[in-house]
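Worksheet: one structure, shown below.
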There are 2 protein chains.
Amino acid sequence: MIGTVASRRHAIADDLRTQITAGRIQPGERLPSEAQLACHYEVSTPTLRNALALLQAEGLVEKIHGKSNYARQPLSRTTYVGGGRTPAQTPLPVSIRTTKLRARGHLAALLGVTSGSPATEFLCVSHAGKSPHSLARVYVPRDLAPATAPDAPSWPQETASLLGGPRPQLAKVEENVHVRLPTASEAATLRISSTLAILAITRVATDITGRVIEAALLALPGDRAEAIFTTDHTTTERRPEG
Amino acid sequence: MIGTVASRRHAIADDLRTQITAGRIQPGERLPSEAQLACHYEVSTPTLRNALALLQAEGLVEKIHGKSNYARQPLSRTTYVGGGRTPAQTPLPVSIRTTKLRARGHLAALLGVTSGSPATEFLCVSHAGKSPHSLARVYVPRDLAPATAPDAPSWPQETASLLGGPRPQLAKVEENVHVRLPTASEAATLRISSTLAILAITRVATDITGRVIEAALLALPGDRAEAIFTTDHTTTERRPEG
DNA sequence: CAGTGGTCTAGACCACGAA
DNA sequence: TCGTGGTCTAGACCACTGT
């Protein structure tokens, strides 16, 4: 069935997709208005909007209410390096907001502390150009956080941590990777469609004693990020079970 | 703005989502027809279908053309264990189809062989109950494949490989994780909506000499799978760079 | 065949952004 | 205010699944 026109909206989406990926429509370029596009493709507005919704879910089109639709780079991929290793590439600029809070529920479980324990949250938003790229919420037990710089507007140390920089005493890093749709606030912060799935990574780093040094919730928009994990079996020598 | 009714379709989706997750609509249960639902919520058919589309993208509803819409378990999560380690849980039953082919283009690059080199493909579909769960395409250089069982309809060895079973001489496993929408054939094979994002893992395993033993393309539907990666820094001793 | 979902229309009306 | 996208309608017609 591939090659056949499944539906009008798919045909339109295919056409626009080709134009964007081929560069005939430049990244960042404004698309014609939906009324014009609907007229051009000889379909009704809902049908045309349906086609744009497909491209939006792929991250190829950014819709801005009241303005217009814009093409976006299908490239600009960032690679998250797992395992607490330092990434080879230079990390993107990151803006950080620090909040003191008390760990409860899910967060307390992640940090392995009792509910109500003080912790510090670092809300990190990395930027690619002028638009937000990815989001990280890093949680550190309060007594470990102030050692470097608790309220600093920008914390270079944390930037490294966001992208996997090692910390002293780091013994184990466990990373849980899953796919989900962004929450409403995540979609707003990242300026993405709520239908564009994200790569969600929950990272828990523990020291030699088993204490959790850091827990991080990363939200990487699926169209612009990937993660890579490398396991070396020559040094670990494979310990079947403990 | 959360708590406000953003739109009719979101309100309807919220209502149905609650009913499904709360168990008032049982997993596998048939929903009322779209006409009945539209009448019940006092909206037009397109609006109601729009609401169902939201739930479909979350994997909560399965639409079957000509029959009806069905609720699905939001549970039944499978955990993929990275790093070539053996998973703790019993793997799902897997059906395998073996194909001999020649590696070209992307596949040849993955396997690190010249274009046209013989290889064997194992198309593995794991099943949860009677419905397909996840998909793996495992590629092995032809001279390594027949050692065990080239044309066997079911190859237990490969089952282990699919979920991370180790192989002799395995030295390094590199896993690239990203999010994307399924291709048309993947969506058909997995019986999922083409709007339900999947966790795509490209796994390349090499032996001590650096030769690629196996390359695998895994497609794990985002609503029912997650991946976990554990890095032990006490044994690897952290080599900053090579 | 009847019942159901899939697609599309033509147009109304609301909400947002920039002037 | 105007141009834009966002939502919704009422109904037509097609496609699939079962009897």
Side-chain angles (χ1 to χ4, degrees), chain A residues 1-2 4-16 25 28-57 60-72 130-131 184 187-188 191-196, chain B residues 1-2 4-16 25 28-57 60-72 130-131 184 187-188 191-196:
Chain A
M1 288 297 171
I2 308 292
T4 317
V5 177
S7 58
R8 295 229 187 199
R9 61 165 188 272
H10 284 114
I12 296 171
D14 289 347
D15 185 54
L16 288 172
I25 298 179
E29 189 178 332
R30 172 184 179 157
L31 300 181
S33 77
E34 300 188 346
Q36 288 175 321
L37 286 173
C39 181
H40 174 261
Y41 289 110
E42 297 180 324
V43 293
S44 65
T45 1
T47 300
L48 182 108
R49 286 180 50 72
N50 222 320
L52 288 177
L54 295 175
L55 298 174
Q56 193 187 19
L60 277 177
V61 162
E62 180 179 5
K63 319 200 76 178
I64 302 183
H65 190 168
K67 290 183 72 176
S68 186
N69 300 305
Y70 295 86
R72 265 214 322 214
K130 57 178 284 189
S131 57
R191 300 225 306 150
I192 58 175
S193 153
S194 62
T195 59
L196 197 161
Chain B
M1 288 298 171
I2 309 293
T4 316
V5 177
S7 58
R8 295 226 187 203
R9 63 167 187 269
H10 283 113
I12 296 170
D14 289 347
D15 186 55
L16 287 172
I25 298 179
E29 188 178 332
R30 173 183 177 159
L31 299 182
S33 77
E34 299 188 347
Q36 288 176 320
L37 285 172
C39 181
H40 174 261
Y41 288 110
E42 297 180 321
V43 293
S44 65
T45 1
T47 301
L48 183 108
R49 287 180 49 73
N50 222 318
L52 288 177
L54 295 174
L55 298 173
Q56 193 188 19
L60 277 176
V61 162
E62 180 179 5
K63 318 201 78 178
I64 302 183
H65 191 168
K67 291 183 73 177
S68 186
N69 300 305
Y70 294 86
R72 262 211 327 212
K130 57 178 281 189
S131 58
R191 299 227 303 146
I192 59 175
S193 153
S194 62
T195 59
L196 197 160

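All chains are named by letter (A, B, ...) in the order of the sequence lines, taking the proteins before the strands, and each is independently numbered beginning at 1. Just so it is clear, the model here is predicted, and its values are computed rather than measured. Reckoned from all heavy atoms, side chains included, excluding hydrogens, waters and symmetry mates.
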[X] side chain: which of [options] is closest?
X	options	answer
R30(A)	dT4(D), dC8(D), dT9(C)	dT4(D)
T47(B)	dC8(D), dC8(C), dG5(C)	dC8(D)
R49(B)	dG5(C), dT9(D), dC8(C)	dG5(C)

Distance check needed: [N] [atom2] versus [X] [atom1], whole Å only.
X	N	atom1	atom2	value
E34(B)	dT7(C)	CD	P	10 Å
L31(A)	dG3(D)	CG	C1'	16 Å
Y70(B)	dG18(D)	OH	C1'	10 Å
L52(B)	dG6(C)	CG	P	9 Å
E62(B)	dG5(C)	CD	P	13 Å
E42(A)	dA10(C)	CD	P	11 Å
R9(A)	dC8(C)	CZ	C1'	10 Å
L48(B)	dT7(D)	CG	C1'	15 Å

Subject >> Footprint string (nucleotides 11-19 of chain C, 5' to 3'): B base within contact, S backbone only, - free, heavy atoms under 4.0 Å >> reply: B---BBSS-
Subject >> Exercise: identify the closest heavy-atom pair between L37(A) and P32(A) >> reply: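 That would be CD1-O, 3.6 Å.
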Original post:
Got a second to check how far L60(B)'s CG is from R72(B)'s CZ, nearest 0.5 Å?
Top reply: 8.5 Å
Original post:
Does N50(B) make a side-chain N or O approach to OP1 or OP2 of dT7(D) shorter than 4.0 Å?
Top reply: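 Looking at the OP1 and OP2 atoms of dT7(D), neither is under 4.0 Å from any side-chain N or O of N50(B).
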Original post:
Is the distance from OP1 or OP2 of dG5(D) to the nearest side-chain N or O of S68(A) less than 4.0 Å?
Top reply: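 Checking dG5(D) against S68(A), a side-chain N or O does come within under 4.0 Å of OP1 or OP2.
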**OP:** Could you tell me whether the side chain of S68(B) and the main chain of L31(B) form a donor-acceptor pair under 3.5 Å?
**Re:** yes
**OP:** Would you confirm whether E42(A), through its side chain, and C39(A), through its main-chain N or O, come within 3.5 Å as a donor-acceptor pair?
**Re:**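 Not a single qualifying donor-acceptor pair exists.
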Original post:
Are any non-hydrogen side-chain atoms of Y70(A) and V61(A) less than 4.5 angstrom apart?
Top reply: no
Subject >> I12(A) side chain near V43(A) side chain, heavy-atom distance below 4.5 Å >> reply: yes
**OP:** Could you pull out all residues at least two apart from R49(B) that satisfy side chain to side chain donor-acceptor pair (under 3.5 Å)?
**Re:**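 Listed in chain order: E34(B).
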